[in-house]
Number of protein chains: 2
Amino acid sequence: MTMPVSDRSTRGDLTRDTLLQAAMQAFAAEGYDKVSLRALAARAGVNQSLIGYHFGHKQGLYRAVFVEIAARIRARLDPEMAAVEAALSEGEGARDRAADFDALFRLTDGVLALMTGPGSDAWARLIMREQQRPTEAFDILYDGFMGRFLDLVERLVARLAGPIEPEAARVLALTVLGQILVFRSARASVLRAMSWRDIDAAAMATIRTALHRNLQALLAAAPP
Amino acid sequence: MTMPVSDRSTRGDLTRDTLLQAAMQAFAAEGYDKVSLRALAARAGVNQSLIGYHFGHKQGLYRAVFVEIAARIRARLDPEMAAVEAALSEGEGARDRAADFDALFRLTDGVLALMTGPGSDAWARLIMREQQRPTEAFDILYDGFMGRFLDLVERLVARLAGPIEPEAARVLALTVLGQILVFRSARASVLRAMSWRDIDAAAMATIRTALHRNLQALLAAAPP
DNA sequence: GTCTATAAAGTGATAGAC
DNA sequence: GTCTATCACTTTATAGAC
C-alpha cells in the first residue's frame with residue numbers, strides 16, 4: 001500500500017539533482033539571462049514548475065549551482081592544498097626549497113587542470129562570470145576555495161622569494177595566478193595565437209613546462 | 001525652406017553615435033541578453049525604432065560597438081606599439097637590453113592602464129565576454145589590436161630571453177599577458193585579496209612595480 | 001512531489017504616417 | 001530620419017487539481 005521508504009525520500013532528491021546538473025551546463029553554456037526555465041526543464045526531462053518547488057526562483061537555482069561547484073572544486077583540490085599546508089608547516093628553519101617548489105607546482109598544476117582541462121568549461125565559465133560581475137554566488141566561491149588557494153600561494157612565494165613585503169607577496173601570488181588563468185580568461189586569444197583547436201593534453205604539458213620555468217625564474221632567491 | 005546642409009547630414013549621425021555610446025555602456029554593464037532595446041533607447045533619449053533604422057537589429061548594434069572599441073584602443077595603444085616596433089627594427093646586432101625593456105614596459109603599462117584604469121570597465125568587460133564566448137565581434141578585436149600586441153610581445157621576449165623555441169616564446173608572451181590581465185579577469189578576487197576598493201592610481205603603481213620586477217626576472221639572460 | 005494551465009509582464013521587430 | 005502603434009512571441013512565476 002505504501003511506497004518503499006527509499007523511494008519516498010529519494011524521488012525529490014533525484015529531481016533536484018537532475019535539475020542542478022542541467023542548470024550548471026546551461027548557465028555555463030548560454031549565460032544566466034539566456035537560459036529559459038522552460039528549456040532547462042525540458043532538457044532535464046522535468047516539469048517546469050518543479051524548479052519553483054525545489055529552488056524557489058531562478059536566482060535560487062543559480063545559487064545552488066555555485067554551492068555545488070564550490071564543493072566539487074574543494075574536493076578536487078584538497079590533496080594539493082593539503083600538500084602545500086604540510087610543506088608550509090615545516091618551519092622556516094628546516095626549509096627545503098626543492099620540496100617547497102614541488103608543493104607549489106602540484107598546486108598550480110592542479111588549478112591549471114581544473115580551469116583548462118577537459119570538462120572545465122562548465123564551471124570555469126561560471127567562475128569567470130562571477131569575477132566580472134560578482135553576486136552573492138562569488139562569496140560561495142571565495143569562501144569555498146579561492147581565498148584558501150590565494151593564501152597558500154602567497155605564503156609559499158613569500159618563503160621562496162626571500163625577504164618581501166606582505167603586500168608585494170600578495171601581488172606576486174596574483175601574478176602567478178594570472179599566468180595560469182590567462183589560458184582560461186583569454187582563451188579565444190590563446191587558441192588563435194597558438195593555433196590550437198583546444199587545450200588538449202599536449203598543450204597542457206607545454207603550458208606546465210613554461211609555468212614551472214617561469215616560477216623558478218620569478219622565485220629565484222635574491223642574491224645574498 | 002530646406003534645412004541647413006550640415007543638419008541634414010549630421011542629425012542622423014548624432015543619433016547613431018548617441019545610441020552607440022549608450023549601447024557600449026549598457027552591454028558592458030548588464031550583458032547582451034539583459035539589455036532591452038526599449039530601455040536602451042529610452043536611456044539614450046532616442047526612439048526605439050531608430051535602432052532598427054541605423055543598425056538593423058540588436059546584433060548589428062552589438063557589432064558596431066566592437067568596431068568602435070577596437071578603433072579607440074588601437075588609437076590609444078598606437079604610440080606604445082610603434083615604440084616597440086622601433087626597438088625591434090634595430091637589428092639583433094645593435095641590441096640594447098635596457099632599451100628593449102623600456103619598450104616592453106611601455107607596452108605592458110599601456111595595456112594595464114587600458115584594462116584596469118579608470119573608465120576601463122565598459123570595454124574591458126565586453127572584451128572579456130568575447131574571450132569566453134567568441135562571436136564575430138572577437139575577430140574585430142583580434143584583427144584590430146590583439147594580434148598585433150601579442151606578436152610584438154612575443155618577438156620582444158624572444159629577443160630578451162635568449163635562445164628560445166618559437167612556441168615557447170608565444171607561451172611566454174601569453175603568461176606575460178596573463179600577469180596583466182589577471183587584474184581585470186579575476187578582478188573580484190584581486191579586490192578581496194588585496195583589500196582594495198577599486199584599482200586606483202596607487203594600486204596601479206604597486207602592480208606596475210611588481211610587473212616590471214617580474215619581467216626582469218623572467219627575461220634574465222640565460223647564463224652564458 | 002508532480003502535473004496542467006495560465007496570468008502578467010516582458011521581448012525584438014516592423015508597418016506606416018509624417 | 002523620426003515617430004506611434006502594434007504584432008507575434010517568450011519570459012518567470014504561480015494557482016489549483018491530483
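Every chain is numbered from 1, with letters handed out A, B, ... down the list of sequences.
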Worksheet item: Has B:Asn47 got a side-chain N or O lying under 4.0 Å from the OP1 or OP2 atom of D:dG1?
Response: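 No, because none of the side-chain N or O atoms of B:Asn47 sits under 4.0 Å from OP1 or OP2 of D:dG1.
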Could you give the [atom1]-to-[atom2] distance, from [X] to [N], as a whole number of Å?
X: A:Leu19; N: C:dG1; atom1: CG; atom2: P; answer: 13 Å
X: A:Glu30; N: D:dT11; atom1: CD; atom2: C1'; answer: 14 Å
X: B:Tyr53; N: C:dG16; atom1: OH; atom2: C1'; answer: 15 Å

Worksheet entry | Ion pair check, A:Asp33 and A:Lys58, cut-off under 4.0 Å |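 The answer is no: the pair does not qualify as a salt bridge.
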Discussion item. Once ring pair (Phe, Tyr, Trp, His ring centres under 6.0 Å) is applied, do any residues pair with A:Tyr62, and if so which ones, sequence neighbours excluded?
Written reply: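 Residues passing ring pair (Phe, Tyr, Trp, His ring centres under 6.0 Å) with A:Tyr62: A:Phe27, A:Tyr32, A:Phe66.
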Worksheet entry | Nearest-nucleotide comparison on DNA chain D, the residue closer to the 5′ end among A:Gly52 and B:His54 |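 By nearest-heavy-atom nucleotide position, the 5'-most residue is B:His54.
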Practice prompt. Ignoring hydrogens and angles, tell me if any N or O in the side chain of A:Thr116 forms a donor-acceptor pair with the backbone of A:Ala113 under 3.5 Å.
Written response: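 Checking the backbone N and O of A:Ala113 against the side chain of A:Thr116, no donor-acceptor pair under 3.5 Å is found.
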Practice prompt. For the residue pair B:Met128 and B:Leu181, establish whether any side-chain heavy-atom pair is separated by less than 4.5 Å.
Written response: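 The answer is yes; the side chains approach within 4.5 Å.
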Worksheet item: Within 45° of the ring axis of A:Tyr142 and under 6.0 Å from its six-membered ring centre, is that where the NZ or CZ of B:Arg192 lies?
Response: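 Checked: cation-pi criterion met.
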Could you list the protein-to-nucleotides 8-12 of chain C atom pairs, N/O on both sides, closer than 3.5 Å?
unit_1: C:dT11; atom_1: OP1; unit_2: B:Ser36; atom_2: OG; d: 3.2
unit_1: C:dG12; atom_1: OP1; unit_2: B:Val35; atom_2: O; d: 3.2
unit_1: C:dG12; atom_1: OP1; unit_2: B:Lys58; atom_2: NZ; d: 3.1
unit_1: C:dG12; atom_1: OP2; unit_2: B:Leu37; atom_2: N; d: 2.8
unit_1: C:dG12; atom_1: N7; unit_2: B:Arg38; atom_2: NH1; d: 3.2

Practice prompt. Measure from the side chain of B:Ser49, starting at C-beta and using heavy atoms only, and say which of C:dT2, D:dC3, D:dT2 lies closest.
Written response: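 Nearest to the side chain of B:Ser49 among the choices is D:dC3.
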